[in-house]
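Accompanying notes for the structure given below.
Proteins come first, then strands; the chains are lettered A, B, ... in the order of their sequence lines, and each starts at number 1.
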There are 2 protein chains.
Amino acid sequence: MASTPPRAATLHEVAALAGVSHQTVSRFLHNRGPFKPATIERVEAAIKELNYRPNMIARSMRTRETGILAAILPSPVTALPTPTLAAAAEVARRSGYFMEISVIEGPAQDRARRAQELLDSGRLEGVLSLGALPGMSEQPRTPTTTALAILDQYDDKLRGIGPLADASVLREIIQTLADMGHRRFLHIEGPQDWSSARARRDEYLRSIAELGLESHGVRGGDWTTESGYAAISGLEEDSCVTAVIAANDYLALGAVRAAHDRCWHVPKRLSVIGWDDLATARYTIPALSTVAVDRESQGRSAMERLIALVRNEPAPEPANPVSRLILRESTGPAPAPPNPQR
Amino acid sequence: MASTPPRAATLHEVAALAGVSHQTVSRFLHNRGPFKPATIERVEAAIKELNYRPNMIARSMRTRETGILAAILPSPVTALPTPTLAAAAEVARRSGYFMEISVIEGPAQDRARRAQELLDSGRLEGVLSLGALPGMSEQPRTPTTTALAILDQYDDKLRGIGPLADASVLREIIQTLADMGHRRFLHIEGPQDWSSARARRDEYLRSIAELGLESHGVRGGDWTTESGYAAISGLEEDSCVTAVIAANDYLALGAVRAAHDRCWHVPKRLSVIGWDDLATARYTIPALSTVAVDRESQGRSAMERLIALVRNEPAPEPANPVSRLILRESTGPAPAPPNPQR
DNA sequence: ACGATTCAAGTGATCGTTCACATTATGGGT
DNA sequence: ACCCATAATGTGAACGATCACTTGAATCGT
């Protein structure tokens, strides 16, 4: 009807049009207190007429609550951890919060600075970091600080978020492969500023040593398929490596393809095992052995922890993250040694 | 030193401590106007002492600018389109905006409603939707509305964002396969509320008809590997389909594996082609033929369009999205007919 | 018919910042 | 010593909502 107003309608304008006070409209929007039917009608009409929408910024300014939590992730991640994020978002939603995702680029140092800016902005009630932030640790919300929870499988000091399930699975993997006759291993690691990557690497080295097996070393260094491909295609022909443990499925897929390209059959000549159980892992050829991490429950309990920190409630019982070894076609018995030793 | 203050320091507190007016501190924070060296020193000291951080909410309330754009995506997407998002975020960053990602769950109807809420919240200066929003279309920013750009390969009315590169590639695919002797095709489609999925399906049907080839129909319906697997494993043994065109790489990977499981060699018995050129597509076995969509430039120009809408500038020249057919190991000549016809 | 009680709605301050404007130093020329 | 331009800083009102109170209208028992 009327020409476009110069700006969005405010509470006061609605109130004026409805012939009531601004406070009445505010109460109406929050379903507080009883109203006379006539009032309801007039206010509703005015809201509709002006196409009124509450200004969240003004509201947040007064209440100091935004209802928004952010999940932040480092950018150079091959694929965003969708199931983790989805589970976290679902928990947030059910608790009345909205979760947004902020991708923070750059080296670890920069990331911590940008994360601090987010924490200080006052725009967020809590921040869930996927991946470690150098020099920062979990903190509850106070009038001066925004709550921060860190999901990095383990926090920086390896104080367990749940038991060290991570490590135990790696040992199980190596034991299983050893039982199949494998003696010489290779680890393709992830970026070492991820504590989950560090934990896998460390447990790999420890298990190899404790079980009296041989390691041909550690390669890789980021989370990409290319890196996995390079790790295997760069291997000497006589390396005698028969089993490869990759820090994630992308690395493992690259490794499988590299083996294929140099005519090393997987698993007859080389066994490969990944980590994460990507949605496609059971459909690849050969189907990829991997570690299924319960990413849903991981995301869920991290978000529950964050919300407890936001509300200054005691931390909820953390769900035990269950990491489960899944053997598929990419692993098998070690090949018979090319030239028998005795 | 001092005990934790009841709440974060404000401009006024800094000003009081430094012995200047709040406005001087504000100016200082924005590098406006010259200052006496002594003033600079005192203000800097006060900011440090109180660990002052400007409250972005209060600032936004006054300036009506938040510097924040959001990319929204529907949730049931197998993997977030990382390259697109990264490119978009980079453009935003360079233009002085911060891009956050909001995942909106639920059916198309709900999504549109939630998107509208985001648009109305006042928290965002612009919204970039990946995927169509029923009943909503691109709009510039006005005092009462938030800018909205939609990236769905093509917008709802198929008014080309750039030329219909999409379609032309599909025709090229079919022509190429026909040249290799293929006569009977199958399309595995994506969800039809995505206009890109619709465009692929429509062009598939049109090309088949115009080139005088046969279609065994259309299967699929979402973007998942499972769906692709089911499409092929459900195929009759005597379907005579020799070429499968999937609407994305996940569907294609499922199709390849299903073929493998029923002992249909890819590509000797069945050629499969995907869409998107996933990072892993060139490493799968067999390496997947696919369509490389320039997702970076797609994300980039969508974000440039959004920023122009936010600033009420004329729309920038859209970069021509170049879709390029990449033939790898999963496609090959059609098999000789099992029983020669003449 | 009147005071007490509950119902319904109104008033003005406030959150922390920026805007528009007013005011007070400072220094140089005559 | 005075004026004036410019440098440097100060003042108070917005922004649009909510909070903490206060006030006026209806209801009811006696």
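- Residue A/Thr63 has its side chain nearest to D/dC19 when only C/dA9, D/dC19, C/dT18 are considered.
- Under the 3.5 Å distance criterion, with hydrogens and angles disregarded, no donor-acceptor pair is assigned to the side chains of B/Arg53 and B/Asn55.
- For B/Glu65 and C/dG16, the CD to P distance is 22 Å, given to the nearest whole Å.
- The distance between atom CD1 of A/Ile57 and atom P of D/dT18, rounded to the nearest whole Å, is 14 Å.
- We find that CG of A/Leu11 is positioned 19 Å from P of C/dT14, with the value rounded to whole Å.
- Residue-to-nucleotide proximity on DNA chain D shows that, of B/Met61 and B/Phe35, the 5′-proximal contact is made by B/Phe35.
- A straight line from CG of B/Asn55 to C1' of C/dC15 spans 9 Å, rounded to a whole angstrom.
- When only modelled atom types and interatomic distance are considered, A/Gln116 and A/Asp120 share a side-chain donor-acceptor pair under 3.5 Å.
- Atom-to-atom, CD1 of B/Ile40 to P of D/dT9 comes out at 9 Å; the value is rounded to the nearest Å.
- The separation between B/Glu13 atom CD and C/dT17 atom P is 9 Å, rounded to whole Å.
- Where B/Tyr52 and A/Ser21 each meet DNA chain C at their nearest nucleotide, the meeting point lying more 5' is that of A/Ser21.
- A salt bridge is defined here as a Lys NZ or Arg NE, NH1 or NH2 lying under 4.0 Å from an Asp or Glu carboxylate O, and A/Glu304 with A/Arg300 fails to meet this definition.
- When the nearest nucleotides of DNA chain D are assigned to A/Lys36 and A/His30 by heavy-atom distance, the more 5′-ward of the two goes with A/His30.
- Under a 4.0 Å N-O distance rule, the pair B/Glu90/B/Arg94 qualifies as a salt bridge.
- Counting any heavy atom pair closer than 4.0 Å across all strands shown, B/Arg27 reaches a base atom.
- In terms of polar N and O atoms assigned as donor or acceptor, the side chain of A/Arg62 comes within less than 3.5 Å of the base of D/dT18 in a complementary pairing.
- Residue B/Arg32 has a polar side-chain atom (N or O) positioned under 4.0 Å from OP1 or OP2 of C/dC19.
- Minimum atom distance to the side chain of B/Gln23 is reached by D/dT11, of the listed C/dT17, D/dT11, D/dT18.
- Within the 4.0 Å cut-off from OP1 or OP2 of C/dT18, at least one side-chain nitrogen or oxygen of B/Ser26 is found.
- Counting any heavy atom pair closer than 4.0 Å across all strands shown, B/Thr39 reaches sugar-phosphate atoms only and no base atom.
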**Request:** Go through the steps for B/Arg305 and B/Glu138 under the test salt bridge (charged side-chain N to carboxylate O under 4.0 Å, His left out), then give the verdict.
**Result:** CA-CA 10 Å; B/Arg305 206 164 69 244; B/Glu138 303 212 337; 2.9 Å; yes
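- For A/Arg64 and C/dG16, the shortest distance from a side-chain N or O to OP1 or OP2 is below 4.0 Å.
- Straight-line distance from the CZ atom of A/Arg123 to the P atom of C/dG16: 18 Å, rounded to whole Å.
- Computed from coordinates, the B/Arg42 CZ to D/dT9 C1' distance equals 11 Å when rounded to whole Å.
- As judged by a 4.0 angstrom heavy-atom cut-off over every strand, A/Phe28 is placed among residues making no nucleic acid contact.
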